[in-house]
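All remarks here apply to the structure that follows.
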2 protein chains.
Amino acid sequence: MLLRIDQSSTTPLFDQLASSIRGAAITGGVKPGERLPAARDLAESLEVNVHTVLRAYQLLRDEGLVELRRGRGAVVTDRAERYSQLSAAIDTVVVEARALGIAPDTVTALLREALK
Amino acid sequence: MLLRIDQSSTTPLFDQLASSIRGAAITGGVKPGERLPAARDLAESLEVNVHTVLRAYQLLRDEGLVELRRGRGAVVTDRAERYSQLSAAIDTVVVEARALGIAPDTVTALLREALK
DNA sequence: TGACTTGTTCTATTGAAACTAGAACAATAG
DNA sequence: CTATTGTTCTAGTTTCAATAGAACAAGTCA
């Protein structure tokens, strides 16, 4: 699994990390039952703080995407399959938004508004 | 046009305001050529700072949704029509996400990832 | 023309949140 | 039992949203 972090981005690091893992879970990069790297290890390889990684893990736990247990680490659940069912609908939005020349931030704002 | 602001929300006020106006532009609440309230007036009625309103206006200007001119105020452009073309696709995402029991924040995160 | 309206720009302060850092702790694995 | 790994706590730094006040510039309109 390839995880990338952009230190210069304005979006929070823990958010980037969570999104990255989420994406991997959906595309099959990580499969249910698979174990994510230990927070301390991942923090070191990404050159961020342990707390930042743990926060990302906890976010994914709140979403039901991973289970966290001391001594065992973070394990991916089978809930990722549900997320992948949304992919087609989301891809349609992305394609149309690009065709219309609408900026990414604007598209997410429109979605947030529609979700309220 | 009805604009609401939730002071207790974690999302920035200028963001809420921009989304609210954007929504109004899409649903036809405000039409192209129509003029938005003067920043000073809107700030007073919403009980927020003038700068907060102006920041929302400037965000919408960057999106091409309004034009700002001194002495004239903020005028809605006809670009709003483009945005409405996305509505159907976005609605589909919202419906599916709700059916799958996926949290709003998660859905927006998935979209952001797909837009990268 | 001249007064008024309205956005633009500037400086400054406050409060919240992200990130980093270090340490002690608790549950699980092997 | 020992090592691993997440949990919790305190704390300091930085960034950004929001507020506030003031001066300024470009347009409106009588």
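Note that the coordinates shown come from a computational prediction; the quantities given were computed from them, not determined experimentally. Below, chain A is the first sequence line, B the second, and so on; all start at residue 1.
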Sugar-phosphate, base or nothing in reach of L68(A), heavy atoms under 4.0 Å: sugar-phosphate
Separation of dT28(C) C1' from R70(A) CZ (nearest whole Å): 9 Å
Salt-bridge present (E34(B), K31(B); N to O < 4.0 Å): no
With L36(B), the side chain to side chain contact (heavy atoms under 4.5 Å, CB included) member among V66(B), L68(B), L42(B), D41(B): V66(B)
R55(A) side-chain N/O to dG6(D) phosphate OP1/OP2 under 4.0 Å: no
R72(B) vs dA26(D): side-chain N/O to OP1/OP2 distance below 4.0 Å: no
Value in whole Å for how far the C1' atom of dC19(C) lies from CG of D6(A): 15 Å
DNA chain D: 5'-proximal contact among R69(B) and G71(A) (nearest heavy atom): G71(A)
Closest to side chain of L54(B), choosing from dT19(D), dG6(D), dT8(C): dT8(C)
Given dT19(D), dA18(C), dT20(C), the nucleotide with the shortest approach to the side chain of F14(A): dA18(C)
Beyond-backbone contact of L3(B) with I21(B), side-chain heavy atoms, under 4.5 angstrom: yes
ILVMFWY network linking L17(A) to L13(A), side-chain heavy atoms under 4.5 angstrom: yes
same_hphob_cluster(I90(B), I26(B)) at 4.5 Å side-chain heavy-atom cutoff: yes
Co-membership, hydrophobic cluster, residues V94(B) and Y83(A), 4.5 Å side-chain: yes
Closest to the R61(B) side chain, choosing from dA18(C), dT7(D), dT8(C): dT8(C)
Residues within residues 38-46 of chain B bordering DNA chain C, heavy-atom distance below 4.0 Å: A38(B), A39(B), R40(B)
Whole-Å distance separating the CG atom of L13(A) from the C1' atom of dT15(D): 12 Å
side-chain N/O Q58(B) vs dG7(C) OP1/OP2, d < 4.0 Å: no
Separation of atom CD in Q7(B) from atom C1' in dG15(C), rounded to whole Å: 13 Å
T52(A) side-chain N/O to dT20(C) phosphate OP1/OP2 under 4.0 Å: yes
Side-chain donor-acceptor pair present, E63(A), T106(B), cut-off under 3.5 Å: yes
Spacing of D62(A) atom CG relative to dT7(D) atom P, expressed in whole Å: 10 Å
Interatomic distance where NE2 belongs to H51(B) and P belongs to dT13(C) [whole Å]: 15 Å
Pairwise side-chain contact, L86(A) with L110(B), heavy-atom cut-off 4.5 Å (strictly under): yes
Between dT8(D) (P) and Y57(A) (OH): distance, integer Å: 17 Å
Presence of R35(B) side-chain N/O under 4.0 Å of dT6(C) phosphate oxygens OP1/OP2: yes
Nearest-Å distance for atom pair CD/C1', residues E67(B) and dA26(D): 15 Å
